[in-house]
Amino acid sequence: LIKTLLYEGKAKKVYAIEGHENNGKVFIEFKNSLTAFNALKKGEFEGKGEINRDIATFIFKFLESKKVKTHWVKDIGSNSMVTHQLQIIPLEVVVRNTLAGSTAKKFGRNEGSELVRPLVEFYYKNDALEDPLVTEDQADILGFCDLETMSYLKTQALKINALLVGLFQKAKLHLVDFKVEFGKNSNNEVLLADEISPDCCRLWDLETKEKMDKDRFRRDLGHVKEVYVEVLNRLKKLKEEINE
Ligand SMILES: Nc1ncnc2c1ncn2[C@@H]1O[C@H](COP(=O)(O)OP(=O)(O)O)[C@@H](O)[C@H]1O
Ligand SMILES: [Mg+2]
(Lines give C-alpha, C1' and ligand atoms only; values in the text may rest on other atoms or scores of the structure.)
(Ligands and ions follow the chains in the order given, each with its own letter.)
Protein backbone atom coordinates (compact mmCIF):
# COMPACT_ATOMS: atom_id res chain seq x y z
CA LEU A 1 0.00 0.00 0.00
CA ILE A 2 1.63 3.27 -1.16
CA LYS A 3 0.58 6.08 1.10
CA THR A 4 1.28 9.80 1.53
CA LEU A 5 0.71 11.62 4.80
CA LEU A 6 -2.04 14.23 4.40
CA TYR A 7 -2.50 15.26 8.01
CA GLU A 8 -1.15 14.37 11.41
CA GLY A 9 -3.48 15.13 14.29
CA LYS A 10 -3.29 14.55 18.02
CA ALA A 11 -4.44 10.94 17.95
CA LYS A 12 -4.33 9.83 14.32
CA LYS A 13 -2.51 10.18 11.02
CA VAL A 14 -4.46 10.45 7.78
CA TYR A 15 -2.85 9.21 4.53
CA ALA A 16 -3.84 9.34 0.87
CA ILE A 17 -3.56 5.85 -0.69
CA GLU A 18 -2.79 4.86 -4.26
CA GLY A 19 -4.61 2.43 -6.55
CA HIS A 20 -7.97 2.76 -8.35
CA GLU A 21 -9.71 0.62 -5.72
CA ASN A 22 -8.68 3.27 -3.17
CA ASN A 23 -10.20 6.19 -5.05
CA GLY A 24 -11.98 8.50 -2.65
CA LYS A 25 -10.59 6.64 0.36
CA VAL A 26 -8.03 7.44 3.03
CA PHE A 27 -5.93 5.38 5.43
CA ILE A 28 -6.24 6.34 9.08
CA GLU A 29 -3.57 5.22 11.54
CA PHE A 30 -4.34 5.38 15.25
CA LYS A 31 -1.37 6.65 17.27
CA ASN A 32 -0.38 5.71 20.82
CA SER A 33 -0.51 9.34 21.92
CA LEU A 34 -3.04 10.77 24.31
CA THR A 35 -3.74 14.50 24.74
CA ALA A 36 -6.08 16.56 26.88
CA PHE A 37 -6.99 20.23 27.44
CA ASN A 38 -6.46 21.06 23.76
CA ALA A 39 -3.08 19.30 23.67
CA LEU A 40 -1.65 21.15 26.71
CA LYS A 41 -1.31 17.78 28.43
CA LYS A 42 0.39 15.00 26.48
CA GLY A 43 0.93 11.32 27.12
CA GLU A 44 0.89 7.92 25.45
CA PHE A 45 0.73 4.23 26.15
CA GLU A 46 1.86 1.15 24.28
CA GLY A 47 -0.98 -0.50 22.37
CA LYS A 48 -3.34 2.46 22.53
CA GLY A 49 -3.55 2.77 18.73
CA GLU A 50 -4.59 -0.89 18.43
CA ILE A 51 -7.13 -0.68 21.23
CA ASN A 52 -8.80 2.48 19.94
CA ARG A 53 -8.86 1.19 16.36
CA ASP A 54 -10.57 -1.99 17.59
CA ILE A 55 -13.11 -0.08 19.70
CA ALA A 56 -13.85 2.38 16.88
CA THR A 57 -14.29 -0.44 14.36
CA PHE A 58 -16.57 -2.36 16.72
CA ILE A 59 -18.76 0.72 17.14
CA PHE A 60 -18.79 1.62 13.42
CA LYS A 61 -19.84 -1.94 12.51
CA PHE A 62 -22.53 -1.90 15.18
CA LEU A 63 -23.88 1.45 13.97
CA GLU A 64 -23.80 0.31 10.32
CA SER A 65 -25.87 -2.73 11.35
CA LYS A 66 -28.40 -0.22 12.72
CA LYS A 67 -28.46 1.71 9.42
CA VAL A 68 -26.24 4.61 10.54
CA LYS A 69 -23.88 5.56 7.70
CA THR A 70 -20.22 5.77 8.72
CA HIS A 71 -16.96 6.34 6.88
CA TRP A 72 -15.56 2.91 7.86
CA VAL A 73 -14.56 0.65 4.94
CA LYS A 74 -12.18 -1.94 6.42
CA ASP A 75 -9.47 -2.52 8.96
CA ILE A 76 -5.82 -2.81 7.92
CA GLY A 77 -3.08 -4.16 10.15
CA SER A 78 -3.38 -3.77 13.89
CA ASN A 79 -3.90 -0.01 14.28
CA SER A 80 -5.32 1.33 11.01
CA MET A 81 -8.44 1.47 8.91
CA VAL A 82 -9.44 2.47 5.40
CA THR A 83 -12.33 4.94 5.33
CA HIS A 84 -14.17 7.05 2.80
CA GLN A 85 -12.43 10.39 2.38
CA LEU A 86 -14.75 13.12 3.56
CA GLN A 87 -14.90 16.86 3.70
CA ILE A 88 -15.04 17.17 7.47
CA ILE A 89 -17.71 19.55 8.81
CA PRO A 90 -15.70 21.68 11.31
CA LEU A 91 -18.09 21.02 14.19
CA GLU A 92 -17.63 18.76 17.18
CA VAL A 93 -21.06 17.39 17.94
CA VAL A 94 -21.39 16.56 21.63
CA VAL A 95 -24.21 14.55 23.21
CA ARG A 96 -24.65 14.48 26.97
CA ASN A 97 -26.83 12.12 29.00
CA THR A 98 -25.36 13.13 32.36
CA LEU A 99 -23.52 16.32 33.30
CA ALA A 100 -19.78 15.93 33.85
CA GLY A 101 -16.50 17.79 33.61
CA SER A 102 -16.33 21.43 32.60
CA THR A 103 -20.02 21.62 31.67
CA ALA A 104 -21.16 20.56 35.14
CA LYS A 105 -18.74 23.09 36.63
CA LYS A 106 -19.85 25.87 34.29
CA PHE A 107 -23.46 25.61 35.48
CA GLY A 108 -22.63 24.95 39.12
CA ARG A 109 -23.98 21.39 39.02
CA ASN A 110 -22.46 18.28 40.50
CA GLU A 111 -20.72 15.85 38.22
CA GLY A 112 -23.21 13.04 37.66
CA SER A 113 -26.34 15.23 37.55
CA GLU A 114 -28.88 13.54 35.29
CA LEU A 115 -30.45 15.48 32.41
CA VAL A 116 -34.17 15.33 31.56
CA ARG A 117 -33.28 14.41 27.97
CA PRO A 118 -30.05 14.06 25.97
CA LEU A 119 -28.43 17.41 25.27
CA VAL A 120 -26.75 18.13 21.91
CA GLU A 121 -24.11 20.86 21.62
CA PHE A 122 -21.99 22.14 18.73
CA TYR A 123 -18.39 23.31 19.13
CA TYR A 124 -16.30 24.90 16.38
CA LYS A 125 -13.42 22.45 15.75
CA ASN A 126 -10.40 24.73 16.01
CA ASP A 127 -7.60 23.96 18.49
CA ALA A 128 -6.08 27.44 18.27
CA LEU A 129 -9.42 28.88 19.43
CA GLU A 130 -9.88 26.06 21.99
CA ASP A 131 -12.96 24.61 20.25
CA PRO A 132 -15.46 27.31 21.24
CA LEU A 133 -19.16 26.52 21.73
CA VAL A 134 -21.18 27.84 18.76
CA THR A 135 -24.88 28.52 18.38
CA GLU A 136 -26.62 27.21 15.28
CA ASP A 137 -26.96 30.72 13.86
CA GLN A 138 -23.28 31.42 14.46
CA ALA A 139 -22.26 28.20 12.72
CA ASP A 140 -24.58 28.92 9.78
CA ILE A 141 -23.69 32.59 9.37
CA LEU A 142 -19.94 32.01 9.80
CA GLY A 143 -20.13 29.29 7.14
CA PHE A 144 -19.19 26.25 9.24
CA CYS A 145 -22.38 24.33 8.47
CA ASP A 146 -25.85 25.23 7.19
CA LEU A 147 -28.95 25.00 9.38
CA GLU A 148 -30.48 22.09 7.48
CA THR A 149 -27.31 20.02 7.84
CA MET A 150 -27.09 20.88 11.55
CA SER A 151 -30.64 19.70 12.03
CA TYR A 152 -29.62 16.39 10.40
CA LEU A 153 -26.47 16.21 12.56
CA LYS A 154 -28.60 16.62 15.66
CA THR A 155 -31.00 13.87 14.60
CA GLN A 156 -28.10 11.55 13.77
CA ALA A 157 -26.26 12.35 17.00
CA LEU A 158 -29.37 11.53 19.06
CA LYS A 159 -29.89 8.29 17.12
CA ILE A 160 -26.25 7.31 17.66
CA ASN A 161 -26.64 8.18 21.34
CA ALA A 162 -29.72 6.00 21.78
CA LEU A 163 -27.98 3.07 20.07
CA LEU A 164 -24.74 3.46 22.02
CA VAL A 165 -26.45 3.92 25.39
CA GLY A 166 -28.08 0.53 24.78
CA LEU A 167 -24.88 -1.09 23.55
CA PHE A 168 -22.75 0.15 26.45
CA GLN A 169 -25.45 -0.77 28.96
CA LYS A 170 -25.05 -4.38 27.85
CA ALA A 171 -21.32 -3.93 28.56
CA LYS A 172 -22.22 -2.66 32.07
CA LEU A 173 -21.14 0.87 31.17
CA HIS A 174 -23.03 4.17 31.40
CA LEU A 175 -22.48 6.46 28.41
CA VAL A 176 -22.21 9.85 30.12
CA ASP A 177 -21.34 11.91 27.03
CA PHE A 178 -19.44 11.71 23.75
CA LYS A 179 -18.14 13.78 20.82
CA VAL A 180 -18.51 12.88 17.16
CA GLU A 181 -17.52 14.42 13.83
CA PHE A 182 -19.30 14.16 10.50
CA GLY A 183 -18.21 14.77 6.94
CA LYS A 184 -19.61 14.93 3.42
CA ASN A 185 -18.70 12.57 0.60
CA SER A 186 -18.58 13.54 -3.09
CA ASN A 187 -22.36 12.92 -3.35
CA ASN A 188 -22.91 15.42 -0.53
CA GLU A 189 -24.08 12.63 1.78
CA VAL A 190 -23.28 13.18 5.44
CA LEU A 191 -21.48 10.26 7.11
CA LEU A 192 -20.25 9.68 10.65
CA ALA A 193 -16.46 10.21 10.55
CA ASP A 194 -13.40 10.23 12.76
CA GLU A 195 -13.62 7.79 15.71
CA ILE A 196 -15.65 6.79 18.72
CA SER A 197 -13.44 5.53 21.56
CA PRO A 198 -12.70 6.18 25.26
CA ASP A 199 -10.76 9.26 24.02
CA CYS A 200 -14.00 10.97 23.06
CA CYS A 201 -16.60 9.29 25.31
CA ARG A 202 -17.17 9.40 29.03
CA LEU A 203 -17.96 5.89 30.24
CA TRP A 204 -18.69 5.00 33.86
CA ASP A 205 -18.89 1.49 35.20
CA LEU A 206 -22.60 0.90 35.90
CA GLU A 207 -22.00 -0.64 39.32
CA THR A 208 -18.83 0.95 40.72
CA LYS A 209 -19.21 4.32 38.85
CA GLU A 210 -15.48 3.98 38.11
CA LYS A 211 -14.33 6.19 35.21
CA MET A 212 -13.45 4.05 32.18
CA ASP A 213 -12.24 6.71 29.72
CA LYS A 214 -9.77 9.54 29.05
CA ASP A 215 -10.75 11.30 32.30
CA ARG A 216 -8.33 8.85 34.00
CA PHE A 217 -5.55 10.54 32.02
CA ARG A 218 -6.95 14.10 32.34
CA ARG A 219 -7.27 13.76 36.11
CA ASP A 220 -4.22 11.53 36.73
CA LEU A 221 -6.32 8.70 38.13
CA GLY A 222 -3.95 5.98 36.88
CA HIS A 223 -4.78 2.64 35.20
CA VAL A 224 -5.43 4.41 31.88
CA LYS A 225 -4.44 1.50 29.66
CA GLU A 226 -6.23 -1.03 31.87
CA VAL A 227 -9.61 0.68 31.48
CA TYR A 228 -9.24 1.08 27.69
CA VAL A 229 -8.47 -2.65 27.49
CA GLU A 230 -11.43 -3.41 29.75
CA VAL A 231 -13.83 -1.38 27.56
CA LEU A 232 -12.62 -3.28 24.48
CA ASN A 233 -12.92 -6.65 26.22
CA ARG A 234 -16.46 -5.93 27.40
CA LEU A 235 -17.47 -4.91 23.87
CA LYS A 236 -15.85 -8.01 22.36
CA LYS A 237 -18.04 -10.15 24.63
CA LEU A 238 -21.05 -8.55 22.92
CA LYS A 239 -19.97 -9.57 19.40
CA GLU A 240 -23.38 -11.10 18.69
CA GLU A 241 -25.02 -7.68 19.20
CA ILE A 242 -23.51 -6.51 15.90
CA ASN A 243 -25.64 -8.94 13.94
CA GLU A 244 -28.69 -8.64 16.20
N1 LIG B 1 -13.10 10.22 6.70
C2 LIG B 1 -12.29 11.27 6.90
N3 LIG B 1 -11.83 11.99 5.86
C4 LIG B 1 -11.01 13.05 6.06
N5 LIG B 1 -10.60 13.48 7.27
C6 LIG B 1 -11.04 12.80 8.36
C7 LIG B 1 -11.91 11.66 8.23
N8 LIG B 1 -12.20 11.21 9.47
C9 LIG B 1 -11.56 12.02 10.33
N10 LIG B 1 -10.86 12.99 9.68
C11 LIG B 1 -10.02 14.05 10.26
O12 LIG B 1 -8.74 13.48 10.48
C13 LIG B 1 -8.16 13.97 11.68
C14 LIG B 1 -7.93 12.78 12.59
O15 LIG B 1 -6.84 12.96 13.41
P16 LIG B 1 -6.92 13.47 14.90
O17 LIG B 1 -5.67 13.02 15.52
O18 LIG B 1 -8.21 13.11 15.54
O19 LIG B 1 -6.89 15.04 14.62
P20 LIG B 1 -7.19 16.29 15.52
O21 LIG B 1 -6.01 16.47 16.40
O22 LIG B 1 -7.33 17.37 14.49
O23 LIG B 1 -8.46 16.01 16.25
C24 LIG B 1 -9.18 14.94 12.28
O25 LIG B 1 -8.83 16.26 11.92
C26 LIG B 1 -10.48 14.54 11.61
O27 LIG B 1 -11.38 15.62 11.49
MG1 LIG C 1 -9.42 14.28 16.86
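Read the numbers this way: they start at 1 and go in the same order the structure lists the ligands and their atoms.
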Ligand 1 atoms in contact with D194 (distance to a heavy atom under 4.0 Å):
8 (N), 9 (C), 14 (C), 18 (O), 24 (C), 26 (C)
Parallel, tilted or perpendicular: which describes the rings of H71 and F60, with under 30° parallel and over 60° perpendicular?
perpendicular
Looking only at distances, please establish whether an N/O atom of ligand 1 is found under 3.5 Å from an N/O atom of I28.
no
If we number the atoms of ligand 1 from 1 as shown, the ones under 4.0 Å from a heavy atom of E181 are 26 (C), 27 (O)
K10 heavy atoms, cut-off 4.0 Å: which ligand 1 atoms fall inside?
16 (P), 17 (O), 19 (O), 20 (P), 21 (O), 23 (O)
Testing L129, L142, D131 one by one against Y124 for a side-chain contact (heavy atoms from CB on, under 4.5 Å), which residue passes?
L129
Within 4.0 Å of some non-hydrogen atom of T83, the atoms of ligand 1 are 1 (N)
Could an N or O of ligand 1 be found under 3.5 Å from any N or O of D127, whether backbone or side chain?
no
Report the residue from R216, R218, E44, K214 that forms a side-chain contact (heavy atoms from CB on, under 4.5 Å) with V224.
R216
Against ligand 1, does K13 come closer than 4.0 Å with any heavy atom?
no
Heteroatom distance test (H84, ligand 1): nitrogen or oxygen, under 3.5 angstrom:
yes
Under 3.5 Å between any N/O of L86 and any N/O of ligand 1: does that happen in this structure?
yes
